[in-house]
Amino acid sequence: MEQILANLIAGALGGNAAGKASPSFDLGTLGNTIAGLVGGGVLGQIVPLVLPAITAAAQSGNLSIGGIVTNLIAGGAGGALLTAIIGLVKNKAA
């Protein structure tokens, strides 16, 4: 549960950072946050599938700082990536 929460928070932060970094990606604060939450949640769940050592450590209760940092990076990157994609598509359509 903590991993999902970390992914969502990092995704929201990453989405807002991506939106504010480039006006072409910006969806507004609420849009950036929602896109970041979704992107962080999705990519944050995919990364442990690709890196099974993180999943094994979390299930055994031995989740290290490295595992937490990996989840935060994955969530933030997912949030930023999805916000950028949605922002580009929105601006192309406009």
Side-chain angles (χ1 to χ4, degrees):
M1 186 67 175
E2 293 85 10
Q3 293 173 344
I4 294 171
L5 186 59
N7 289 335
L8 293 174
I9 291 170
L13 293 173
N16 279 297
K20 299 305 176 195
S22 174
S24 64
F25 300 155
D26 196 13
L27 302 170
T29 303
L30 184 61
N32 292 338
T33 301
I34 292 171
L37 285 169
V38 172
V42 170
L43 190 62
Q45 296 304 306
I46 292 173
V47 167
L49 296 175
V50 176
L51 303 171
I54 296 170
T55 304
Q59 289 174 347
S60 69
N62 295 327
L63 188 60
S64 66
I65 296 298
I68 294 169
V69 169
T70 301
N71 281 327
L72 291 174
I73 291 171
L81 183 63
L82 187 61
T83 300
I85 291 170
I86 292 172
L88 286 174
V89 169
K90 182 189 116 196
N91 287 333
K92 289 278 186 184

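Side chains are part of it too, since the values below use all heavy atoms of this structure and drop only hydrogens, waters and symmetry mates.
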Undergrad: T29 and N16: side-chain donor and acceptor closer than 3.5 Å?
TA: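 No, no side-chain donor-acceptor contact under 3.5 Å.
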
Undergrad: Could you grab the distance from atom CG of L37 to atom CD1 of I9, nearest 0.5 Å is fine?
TA: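 Output value for this atom pair is 9.0 Å.
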
Undergrad: Quickly, which of I85, I86, L88 forms a side-chain contact (heavy atoms from CB on, under 4.5 Å) with F25? Name it, please.
TA: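 Exactly one option meets the side-chain contact (heavy atoms from CB on, under 4.5 Å) with F25, and it is L88.
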
Undergrad: If only atom types and distance count, is the side chain of N32 paired as donor or acceptor with the main-chain N or O of L27 below 3.5 Å?
TA: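 Yes; judged by distance alone, with no hydrogens or angles, the pair exists.
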
Undergrad: For a side-chain contact (heavy atoms from CB on, under 4.5 Å) with V38, tell me which candidate from L8, T33, L43, L82 qualifies.
TA: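 Only one of L8, T33, L43, L82 forms a side-chain contact (heavy atoms from CB on, under 4.5 Å) with V38, namely L82.
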
Undergrad: Can you tell me how far OG1 of T83 sits from NZ of K90, rounded to the nearest 0.5 angstrom?
TA: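 Those atoms lie 11.0 Å apart.
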
